[in-house]
Trainee: 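The structure follows.
Sequence lines set the chain letters: A, B, ... in the order given, protein chains first and strands last, and positions in each chain run from 1.
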Amino acid sequence: MKYDNIKISVKGILAVCCLVGAGYGGESSAAVSDEECFFLDMPIVLTPSRLIQNLKDAPAAVTVIDREMIRATGYRDIPRLLRLAPGMQVGQERGSTHWVTYHGMGNDNPSWMQVLVDGRSVYSPGSFDGADWNGLPVTLDEVERIEIVRGTDSVAYGLNAFLGVINIITRSSADNPGTKASIRAGNAGIRDASLEVGHDTPTQGVRLNAEIRRDDGFSGLHDARRFKIVSLLGEKRLGGHDELMVRLAANSGTRELGYPDSTYNNNGERSADSLNAAFHLRWRHTPAPGEEWQLHYYHNQDRTAEEWLASAQLGPIRADVPLDRNRSSMRDDVELQHRLTLSRNLRAVWGLELRHDSVNAPFLYYGAAQQRSGMARLFGESEWRFGQDWSLNLNALAEKFDDDSLHVSPRIFTNWQVTPKDTARFGYARAWRQPTLFERYGDVRAIFQGQLLAQPYLPNPNLGAPRIDSLEMGYLGRFRDWDTKLDARLFMERIDNYIYRVSHPEFVAPLLFATIPSARYENLASPVTLSGLEYQLESRPRSGTRLLFNHTVISRSSDNHAITQLTAPYAASLSWMQDWSRGWSSTLTLLRMGPMAGGTGFVPRGQYVSAPYTTLDARLAYGTKLSATPVEFSLTATNLGGRHQEVADRSEQFLHGSDPVNRTSPMAWLTLTFRPE
Amino acid sequence: MMCMPALHFAVRIATGFAAALLLFFCTASPACAESLQVTVVLSENSGAYLEFSDALRENLLKRNITPLVVEQPDGAIPHSGLVVGVGMKAAAAIAASNAPAVLNVLVPKSGHEKLLRDFPRRANSKTYSAIFLDQPIERQIGLIVAALPDWQRVGVMYVTPPGELAQLGREMKNYGLVLHEQAISSAFPLNAALQGLLKESQVLLALPDAEVYNSSTIRNILLTAYRSGVPLIGFSPGYVKAGALCALYTTPGQFAAQAAGLIRKFGYTQTLPAARSPREFEVSVNEQVARSLGLQIKNAARLHEEIQDFERNEP
């Protein structure tokens, strides 16, 4: 199954860029006299949803990765940036496969935290209900900031936000419009290019971003990837109070997966061709600066073609069994949200959302290729400032999936501003996580001439929803010394009904059960508890210097020891960003990750834990002008701390004992950017 | 030798007394007001111009003066009495006419100065005056000091450097503020200028330069500044609505009240004082933006009070 007819062509991207440029280039900006500028009726630019809730008022710990940081690191992927937030535990099984979690706790395709692009969930039933980080239809140039809510936030973002939220917010077309371009080239076949063309007038704006990302991945692995992303944004402002946004984006590409020596080639070397497309429509009505209505509709669609041949020697017979993970899925979602300021001290937001998911994957859902799921939710949040220094956040969410019972998630937080520079936060939240379609209904069978050879995934329709009870205490402080900010979170998270994969020898054993075990997802009878401390210290000791230190320590407890190992007991990172003036700047990031058993695949007995590692990323940049055009040259390198393993493919690793199969490799690239910010 | 503050105080008392006397005589002798012919010429018959005209009419009617309103600048401009020009289009038409006594309002200081250059006969005239849209420098500094007392680095952008820029820098220095200025040109466009300025500044002070601040650029400026955590201080309520932290401005009603006072005095003295800044002002604060940026800012009434104190204590 190929999707050649729907791949994005480079020529097509360039043609659209030219059209966009031509269509909007001729419009001149409104001429206004000095006198008129006193009386202009301005649009509400910083609407309530654009305003970031100040961390002092937020009912959760939030880390913001801003554009300064995105640019300073020079990274090519969003997941690598996420390593720079406390509590995040991110690893790469290979260059093109990211394992992104908060406090570990992920299954094969981690989906215990919500991932949103401008409020649009990127989780896909077609990506085993996880996020396809390579396939995200968003370019790095578009990203304004990434907000990471550390700790459960289901009450605001639904049941997927069980452990936290990654909220990717893209720039408005009015934000620095113009033409920008960059090219990258480096070792491991790195050949990237990106282009942005944008134009903005008082009444409308349009921007087109296109990006090509290519590399050969980690050395020694079947790991090349070739991706093209195109994203078209249109904004129409109707008077000063209404704004219509439409975004059309697609990511199409190929990545290499698998290993040459997997058992029966059941994880054989192969290519996966994917297309992820999104259509997002948003109407924003701002009757007054403190009030806003938003109506969203989005449609996500993805398709993946991933086929290969497994073969087993059954006595004298060689059984060639075609395997595939071909899948396609669609998600339609509509959401209404109303933010309002009830009084000087009372603000509220309420909303409702309806969603429909469907997935088609004959090989993953044996005998029931088409799976569907519906969801409805209603939520409300209020922020009440009582007294001069206290605020109280009361939130609740009611969510209903298909025939499951209604889940209600409450949250109560109080923030106390002890002094203008110190804020303490105390809170409790309860949330649920809806089991994914694949966890419940995934049924994968390898059949040869009517004989069941293997059934690695068995369905479990009775799988219950895990529940988290989270208690936390937070502190936000500012110190004059070195212009320092401290954001600390002391947490205790108890997860009941944890979902994990369990082997079932009592079922009718397929022929190759001994080597390809049958397993299904089940709820753990006893709770899993995570408690610990994480903090971020940010300092600007002198002009041009920014230091960022993240540190997390987690104590894990469960009757099932293997589950505790899914979380690294510690992680830390130190970033030093320096502006050396005269156009020179540099960034160094040192990351230390504790032992962690993250990864994909299933081995019934025993648990493989990747060893702790330390790695170094660096960037050196020089900005200048080439015939009046600002340009920047930069050299970026990642994984300089020696080759190490981050997360494993458990089945493959099992074949190789303690010798890490999939080590990272250093990558370095030169970037030339025209019109950097 | 009398020390300066005492002298200043004495002058203020004397001025106040003289004004009170004038007011008394004008009120006591309606003849001088009744005989005054006032014509209000609007640049446009809408928006702030119309709001001003309605408020002035109301003010003058209380004093038994019935103004004649000319709704377009190309309408007939009388050759006698006092002509009030509302906005630059009206002011330009009146300057070119034979109107003997002229009071312009809702005009920027730069526009007024240009008219004096274009019509030299109007310069140094005791019957040609204006109330500027622009706020006095010390008042703007007063707002920064009152709203953001711990902040020092103030950024401004312009295409045409305002005449008072050097004075603004000097006065700021007196209050421990540092002015970072950035000229915008075709070689150094807005985006580049803004990025550079935001690195140096803790707060942006918007200047009424239409080539920098207009409805085409305001989104970009506000979004970029906000992303850098730098608040904008505006010069009209529209800015606060759009997302500026606060703004200081004079409403059409306040302009009308001040103009009515000058007109009454003119009825008695047949002269107009020198062109000047507006006397009354308002302050608006966007509390949502302040809270989002983590700023503890005083409310508008308190800021107004502190700015008035600041102006009173200005050396």
Trainee: If you count heavy-atom pairs under 4.5 Å between each of A:Lys625, A:Arg675, A:Arg237 and chain B, which one has the most?
Mentor: A:Arg237

Trainee: Of B:Asn286, B:Leu245, B:Val289, which is the lone residue that meets side-chain contact (heavy atoms from CB on, under 4.5 Å) with A:Leu46?
Mentor: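 With A:Leu46 as partner, side-chain contact (heavy atoms from CB on, under 4.5 Å) holds for just one option, B:Val289.
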
Trainee: Sort B:Val107 into side chain, backbone, both or neither according to what part of it lies under 4.5 angstrom from a heavy atom of chain A.
Mentor: neither

Trainee: Select, from B:Ala48, B:Ala247, B:Gly111, B:Ala206, the one with the greatest count of heavy-atom pairs under 4.5 Å involving chain A.
Mentor: B:Ala48

Trainee: Who in residues 151-159 of chain B is close to chain A, using a strict under-4.5 Å heavy-atom cut-off?
Mentor: none

Trainee: Just so I understand: if I count every heavy-atom pair under 4.5 Å between each of A:Arg171, A:Glu144, A:Arg347 and chain B, which residue has the most?
Mentor: A:Arg347

Trainee: Going by atom type alone, with no hydrogens or angles, which donor-acceptor pairs under 3.5 Å involve a side-chain atom of residues 227-235 of chain B and a protein atom two or more places apart or on another chain?
Mentor:
residue: B:Arg227; atom: NH1; partner: A:Asp175; partner atom: OD1; Å: 3.1
residue: B:Arg227; atom: NH1; partner: A:Asp175; partner atom: OD2; Å: 2.4
residue: B:Arg227; atom: NH2; partner: A:Glu677; partner atom: OE1; Å: 3.1
residue: B:Ser228; atom: OG; partner: B:Thr224; partner atom: O; Å: 3.2

Trainee: For a quick test of reading the model, state the closest non-hydrogen atom pair linking B:Ile297 to B:Ala147 and the distance between them.
Mentor: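 Looks like CD1-CB, 3.8 Å.
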
Trainee: Could you give the side-chain donor-acceptor pairs of residues 236-244 of chain B under 3.5 Å, partners two or more places apart or in another chain?
Mentor:
residue: B:Ser236; atom: OG; partner: B:Gly238; partner atom: N; Å: 3.3
residue: B:Lys241; atom: NZ; partner: A:Asp41; partner atom: OD1; Å: 2.9
residue: B:Lys241; atom: NZ; partner: A:Met42; partner atom: O; Å: 3.3

Trainee: To check you understand the geometry: which heavy-atom pair defines the closest contact between B:Asp134 and B:Pro208, and what is its length?
Mentor: OD2-CG, 4.0 Å

Trainee: Look at A:Ser173, A:Pro177, A:Ala628 and state which one has the largest set of heavy-atom pairs under 4.5 Å with chain B.
Mentor: A:Pro177

Trainee: Just checking, any donor-acceptor pair under 3.5 angstrom between side chains of A:Gln294 and A:Glu292?
Mentor: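 There is such a pair (donor and acceptor under 3.5 Å, judged by atom type) between the side chains of A:Gln294 and A:Glu292.
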
Trainee: Taking atom NZ of A:Lys236 as the centre, report whether more than 12 heavy atoms of other residues, nucleotides or ligands fall under 6.0 Å from it.
Mentor: yes

Trainee: Is chain B contacted by the side chain of A:Thr341, its backbone, both, or neither, given a heavy-atom distance below 4.5 Å?
Mentor: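 For A:Thr341, side-chain heavy atoms alone lie under 4.5 Å from chain B.
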
Trainee: Which atoms of B:Gln288 are under 4.5 Å from chain A, going by heavy atoms: the side chain, the backbone, both sets, or neither?
Mentor: both

Trainee: Considering only heavy atoms, which portion of A:Arg344 lies under 4.5 Å from any heavy atom of chain B: side chain, backbone, both, or neither?
Mentor: both

Trainee: Among B:Leu194, B:Ile218, B:Leu222, B:Asn191, which residue forms the greatest number of heavy-atom pairs with chain A at distances under 4.5 Å?
Mentor: B:Asn191

Trainee: For the residue pair B:Ser43 and B:Gln72, what are the closest heavy atoms and their distance?
Mentor: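 Closest approach of B:Ser43 to B:Gln72, heavy atoms only: O-OE1, 4.2 Å.
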
Trainee: Which heavy atom in A:Arg425 sits nearest to a heavy atom in A:Ala61, and how many Å separate them?
Mentor: NH2-CB, 3.5 Å

Trainee: Measure B:Leu293 against the heavy atoms of chain A and call it side chain, backbone, both or neither at under 4.5 Å.
Mentor: backbone

Trainee: Under 4.5 Å between any side-chain heavy atoms of A:Glu142 and A:Arg207, yes or no?
Mentor: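 Yes. Closest side-chain heavy atoms under 4.5 Å.
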
Trainee: Got a sec, which pairs hit salt bridge (charged side-chain N to carboxylate O under 4.0 Å, His left out) with one end in residues 180-206 of chain B, sequence neighbours left out?
Mentor: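 Residue pairs passing salt bridge (charged side-chain N to carboxylate O under 4.0 Å, His left out), neighbours aside: none found.
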
Trainee: Measuring heavy-atom distances to chain B, does A:Arg385 have an atom under 4.5 Å in its side chain, in its backbone, in both, or in neither?
Mentor: side chain

Trainee: Is chain B contacted by the side chain of A:Glu68, its backbone, both, or neither, given a heavy-atom distance below 4.5 Å?
Mentor: neither

Trainee: With chain A as the partner, which of B:Tyr49, B:Tyr249, B:Phe188 has the greatest number of non-hydrogen pairs under 4.5 Å?
Mentor: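 Result: the option with the highest number of such pairs is B:Tyr49.
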
Trainee: If you apply the rule side-chain contact (heavy atoms from CB on, under 4.5 Å), what do you find for B:Leu179 with B:Leu177, and how did you get there?
Mentor: CA-CA 7 Å; B:Leu179 181 68; B:Leu177 301 174; over 6 Å; no

Trainee: Do any N or O atoms from the side chain of B:Gln258 and from the backbone of B:Arg279 form a donor-acceptor pair under 3.5 angstrom?
Mentor: yes

Trainee: By a 4.5 Å heavy-atom criterion (distance strictly below it), what part of B:Phe132 contacts chain A: side chain, backbone, both, or neither?
Mentor: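 Nothing of B:Phe132, per the 4.5 Å heavy-atom cut-off to chain A.
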
